[in-house]
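Step one of this worksheet: look at the structure below.
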Amino acid sequence: MPPLTDAVKLPFVVLVLATGTFLMGTTEFIIAGLLPEIADDLAVSVSHAGLLITAFAAGMIVGAPVMAIATLRLPRRSTLVLALTVFALGHVVAALSPSFAVVLAARVVTALATGAFWCVGAVVATTAAGPAATSRALGLLLGGMTVANVAGVPLGAWLGQVSDWRAPFWVLAALSAAAALVIGRFIPDEEQREGRSVRAEFAALRQARVWLALSAIALLLGGVLAAYTYISPLLTERAGIPVAAVPLVLTGYGVGALLGTTVGGRLGDRWPLATLITAAAASTLVLLLLVFFSTSDVATVVLVTVMGVTGFAATPVLGALVMRFAGSAPTLASALASSSSNVGIAVGSWVAGVALASPLGQAGPPLVGTVTAALTLVPLTALALMRATRSGDRAAASSPSPRGRARVG
């Protein structure tokens, strides 16, 4: 068995694409830290301003597969540059407009650009990395979004608070324009994608394994984010952690998530199903422990950090499996993987909110997360059984005589 240090070195283009996911991860979550400032400036309530977050999530859910099909015949480099250009323009429009409706529309447009960038960028990164490093390449792309939570979002929120909420939008617009130039320089050119058809992309969705992996993405991220969405009241009201220390705990979660995507990507290229089942079981255990031990401040800090590791260790592996199962038509599958994660997050956070308002109180969201993460083991077990069956079939087919063939089932 080759050691982990012998892993194939990832090409530079994957790092370039990860800078794009960093920018897009920053813009997706930065609104949460600027809601009061945005609400005051645009003369709306804080809850109404929260629609800017909902609109972006909705744009990602619908936009990722729609943009994957709409840009199917465009060269991938052109699609990535166009997505970053639209992304930058969306931020310029939001920064200039005094109208909440216009800012809301700009958020939807930037979400569509994010969906296009992600689904095409994932294909470019995994193609450049090769089959032996697919999970690692996706782990690095997801790492860009994780670093956005650790550094981009806090820095952007700080800039918006000390100057104006529009300042981070200007910075993101400028950085996106620069990223478009860099990607235009370093992404390999290709011919127009005439060989890829919409029919072929949809044909990939007939694979049951694709839908099992997509459901596992939605369930696992939905479980982890159900707890994370309402982590602040759990930290302050249940664990008794000072409000000023909450950002430090969230930073620990972000660092854990970055570690999880890195380690999960490396292990997933060698033992994908074992990595997934271990990560899902560990996430379930961590969330369950959080239900019972979140009255202790030290235990809560440790568990939240570990939750980031276990929850995100499976994400690059699941994304790689979706694209592998889709065969020669991975673009739509990659987009649906992004949509699945957003569906899981939206539904999980909604159910967790209901649980928070119930007699369960602050223990409700991690309990919802525990049940949801545990359900991830259902599609993963089905995938493992399907793999065992296929392996048995191959062994039977290669047997030299009918008497020597193994029976399956």
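The residues of the chain are indexed from 1 along the displayed sequence.
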Open item on the list: What verdict does the side chain to side chain contact (heavy atoms under 4.5 Å, CB included) test give for Thr126 and Arg324, after you've listed the backbone C-alpha separation in whole Å, the side-chain angles of each residue and the deciding distance to 0.1 Å?
Closed with: CA-CA 10 Å; Thr126 53; Arg324 185 185 307 169; over 6 Å; no

- [ ] Under the side chain to side chain contact (heavy atoms under 4.5 Å, CB included) rule, what do Thr370 and Leu290 come out as? Steps first, then yes or no, please.
- [x] CA-CA 9 Å; Thr370 301; Leu290 198 59; over 6 Å; no

Task: side chain to side chain contact (heavy atoms under 4.5 Å, CB included) evaluation trace for Val109 with Phe87 - done: CA-CA 7 Å; Val109 171; Phe87 185 84; over 6 Å; no

Task: Derivation of the side chain to side chain contact (heavy atoms under 4.5 Å, CB included) call for Leu84 and Phe117 - done: CA-CA 7 Å; Leu84 281 168; Phe117 184 91; 3.8 Å; yes

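Annotation: the span from Thr21 atom OG1 to Leu140 atom CG amounts to 7.5 Å, rounded to 0.5 Å. If you take CD1 on Ile61 and CG on Leu336, they are separated by 12.0 Å, rounding to the nearest 0.5 Å. Annotation: the span from Met24 atom CE to Leu172 atom CG amounts to 10.5 Å, rounded to 0.5 Å. Taken to the nearest 0.5 Å, the OG1 atom of Thr114 stands 11.5 Å off from the CH2 atom of Trp118. Separating the CE atom in Met60 from the CG atom in Asn342 is a distance of 5.0 Å, to the nearest 0.5 Å. With values rounded to the nearest 0.5 angstrom, Ser215 atom OG is found 8.0 Å from Leu380 atom CG.
Qualifying side chain to side chain contact (heavy atoms under 4.5 Å, CB included) partners for Ala374, counting only residues two or more places apart in sequence or in other chains: Thr284. Partners of Phe169 under the ring pair (Phe, Tyr, Trp, His ring centres under 6.0 Å) rule, at least two apart in sequence or in another chain, are His91, Trp165. Residues forming a ring pair (Phe, Tyr, Trp, His ring centres under 6.0 Å) with Phe186 (at least two apart in sequence, or on another chain): Phe12. Annotation: side-chain hydrogen bond (donor to acceptor under 3.5 Å, both in side chains) contacts of Thr26 (sequence neighbours excluded): none. With sequence neighbours left out, the ring pair (Phe, Tyr, Trp, His ring centres under 6.0 Å) criterion links Phe100 to His48. Evaluation of the side-chain hydrogen bond (donor to acceptor under 3.5 Å, both in side chains) rule for Gln362 yields Glu237 as partners, not counting sequence neighbours.
Between Arg77 and Leu82 the shortest side-chain heavy-atom distance does not fall below 4.5 Å. Within the 4.5 Å cutoff, the side chain of Leu42 has no heavy atoms near those of the Ser99 side chain. In this structure, the side chains of Val304 and Val249 come closer than 4.5 Å at one or more pairs of heavy atoms. With a 4.5 Å cut-off on side-chain heavy atoms, Leu159 and Trp170 do not count as touching. Using a 4.5 Å heavy-atom threshold, the side chains of Arg107 and Ile31 count as touching. Side chains of Thr85 and Val81 form a contact here, defined as non-hydrogen atoms less than 4.5 Å apart. Using a 4.5 Å heavy-atom threshold, the side chains of Leu321 and Leu276 count as touching. At least one side-chain heavy atom of Ile217 sits under 4.5 Å from a side-chain heavy atom of Val322.
Ala216 and Thr376 get closest at one heavy-atom pair: O-CG2, 3.7 Å. Of all the heavy atoms in Ser296 and Ala299, the pair that sits closest is OG-N, 3.4 Å. Residues Thr310 and Ala279 share a closest heavy-atom pair of O-CB, 3.7 Å. Annotation for Ser97 and Val102: closest pair OG-CB, 3.2 Å, computed over non-hydrogen atoms. When all heavy atoms are compared, the tightest approach of Pro11 to Ala128 is CG-O, 3.6 Å. Smallest separation of non-hydrogen atoms from Met67 and Ala116: CB-CB, 3.8 Å.
With hydrogens and angles ignored, the 3.5 Å screen pairs a side-chain donor or acceptor of Arg238 with a backbone N or O of Val291.
Side-chain rings of Tyr253 and Tyr228 approach one another, their centers coming within less than 6.0 Å.
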